[in-house]
Chemist: 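Below you'll find the structure I mean.
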There are 2 protein chains.
Amino acid sequence: MNDDQALVILAALAHPTRLKAFRQLVRYEPDGLSTGALVDMSGLTQSTFSSHLAVLAKAGLVTAEKRGRLQIQRAGIDTLRELMTYLAKDCCGGRAELCEPLLAALTCC
Amino acid sequence: MNDDQALVILAALAHPTRLKAFRQLVRYEPDGLSTGALVDMSGLTQSTFSSHLAVLAKAGLVTAEKRGRLQIQRAGIDTLRELMTYLAKDCCGGRAELCEPLLAALTCC
DNA sequence: TTCATCCATCGACTTTAATCGATGTAATCC
DNA sequence: GGATTACATCGATTAAAGTCGATGGATGAA
């Protein structure tokens, strides 16, 4: 995970439609959802949502799998984990006193 | 931390200049850096960087403190921590099997 | 084979973000 | 008081992102 990758992931998440779609996909793990189902949830047109999906896919936050005529989308949780690791290392900067409260906050879930 | 706050923070980080500035400020914790020093590091004009700094401040990723004629900027690590907690809860969705590898990756630092 | 469905891509338009130079304001120094 | 430094804000320009309707290529159904 380098800076450019992190920026692509951050930019992908930094849009209400895309953040919501990603959250939906996390909720539906590991089954995934069809693109059409996500379009319906978004309230946007098919073409608009498709471009958002392309942004998420480019960032590795969703992966697609063809099932018959449907395109099943799944959340790329590994990508999110890598982003968080990147941010955490950034945050700590080698100093545990900064990182520990972060870990404490995360163990809650 | 609600969705809107998270979006503001994500958007603030999703720019090379702002991400770099935030990382610099983390590195200089807890002393902070003057705005001018950050401008020099950025290579941008003072006015351009100032607008980026305003975005970071609005997101809570930097906090300013006046010291004489200088404006000392410090990293808002709590805000980053809150974002990561938000993302992690999102990721887990109540299921530990998704969260555990994330925590394992974070304990490295 | 024909038709309908699912979805990506294209082209045009609108909105938003980024960048800069110039100006203004406040604090410090002489 | 006058000059200087540090920084924010304004206005204008340019670049990028978001949105939509329309088109086209698959795939499965009739």
Side-chain angles (χ1 to χ4, degrees), chain A residues 3-25 28 31-76, chain B residues 3-25 28 31-76:
Chain A
D3 292 10
D4 288 342
Q5 288 176 273
L7 284 168
V8 169
I9 300 169
L10 287 167
L13 291 174
H15 188 283
T17 297
R18 294 192 294 258
L19 182 61
K20 183 181 169 191
F22 180 74
R23 297 188 66 172
Q24 288 289 341
L25 289 177
Y28 278 86
D31 299 330
L33 280 173
S34 71
T35 305
L38 289 167
V39 169
D40 292 343
M41 293 175 180
S42 75
L44 297 173
T45 51
Q46 181 267 321
S47 75
T48 298
F49 188 83
S50 184
S51 69
H52 284 303
L53 204 51
V55 173
L56 286 169
K58 191 181 171 196
L61 286 167
V62 310
T63 56
E65 175 200 351
K66 220 169 221 171
R67 194 175 308 164
R69 185 159 42 178
L70 298 177
Q71 196 82 3
I72 301 299
Q73 310 287 340
R74 287 193 54 189
Chain B
D3 292 10
D4 288 342
Q5 287 177 273
L7 283 168
V8 169
I9 300 168
L10 286 167
L13 290 174
H15 189 281
T17 297
R18 294 193 293 258
L19 182 60
K20 184 181 170 190
F22 179 73
R23 298 188 66 172
Q24 288 287 341
L25 288 177
Y28 279 85
D31 298 330
L33 280 172
S34 71
T35 304
L38 288 167
V39 169
D40 292 343
M41 293 175 180
S42 75
L44 297 173
T45 26
Q46 180 266 322
S47 77
T48 298
F49 188 83
S50 183
S51 69
H52 284 303
L53 204 52
V55 173
L56 287 169
K58 190 181 170 194
L61 286 167
V62 311
T63 56
E65 174 200 353
K66 220 169 222 172
R67 196 176 305 166
R69 186 157 42 179
L70 298 178
Q71 196 83 3
I72 300 299
Q73 309 287 340
R74 288 194 53 190

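Side chains included, hydrogens not; waters and symmetry mates left out as well; all remaining heavy atoms used. Every chain is numbered from 1, with letters handed out A, B, ... down the list of sequences.
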Chemist: Can you name the side-chain contact (heavy atoms from CB on, under 4.5 Å) partners of A:L70, sequence neighbours left out?
Modeler: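 Partners of A:L70 under the side-chain contact (heavy atoms from CB on, under 4.5 Å) test: A:S34, A:I72.
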Chemist: Walking along DNA chain D from 5' to 3', note the first and the last nucleotide with an atom under 4.0 Å from a heavy atom of chain A, and give both.
Modeler: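 That gives a stretch of D:dG18 to D:dG28.
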Chemist: If the condition is side-chain contact (heavy atoms from CB on, under 4.5 Å), which residues does B:A11 pass it with, not counting sequence neighbours?
Modeler: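 Listed in chain order: A:A14.
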Chemist: Are the side chains of B:Q73 and B:T35 in touch, meaning some heavy atoms are under 4.5 Å apart?
Modeler: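 Sidechains of B:T35 and B:Q73: in contact.
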Chemist: Can you give the donor-acceptor pairs under 3.5 Å from side chains of residues 49-61 of chain B to other protein atoms, not counting sequence neighbours?
Modeler:
{"unit_1": "B:S51", "atom_1": "OG", "unit_2": "B:T48", "atom_2": "O", "d": "2.7"}
{"unit_1": "B:H52", "atom_1": "ND1", "unit_2": "B:R18", "atom_2": "NH1", "d": "3.1"}

Chemist: Any chance you could list the contact pattern along nucleotides 7-18 of chain C? Use B for base contacts, S for sugar-phosphate-only contacts and - for none, protein heavy atoms under 4.0 Å, 5' to 3'.
Modeler: BBB--------S
Chemist: Just to verify, what does B:D3 make a salt bridge (charged side-chain N to carboxylate O under 4.0 Å, His left out) with, not counting sequence neighbours?
Modeler: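 Result, salt bridge (charged side-chain N to carboxylate O under 4.0 Å, His left out) vs B:D3: A:R23.
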Chemist: Grab the CZ-C1' distance between B:R67 and C:dT28 for me, whole Å please.
Modeler: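 Distance check: B:R67 CZ to C:dT28 C1' gives 16 Å.
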Chemist: Taking all non-hydrogen atoms of both residues into account, name the closest pair between A:Q46 and A:V39 and its distance.
Modeler: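 Scanning both residues, the minimum pair turns out to be CA-CG1, 4.0 Å.
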Chemist: How many angstroms lie between atom CG of B:L10 and atom CD of B:Q5, to the nearest 0.5 angstrom?
Modeler: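 Here the interatomic distance stands at 11.5 Å.
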Chemist: So which one's nearest nucleotide on DNA chain D is more toward 5', A:G68 or A:T45?
Modeler: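 Nearest-nucleotide comparison on DNA chain D picks A:T45.
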Chemist: Side chains of B:L25 and B:V62, heavy atoms from C-beta outward: is any pair under 4.5 Å?
Modeler: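 The answer is yes, as the side chains (C-beta and beyond) meet within the 4.5 Å cut-off.
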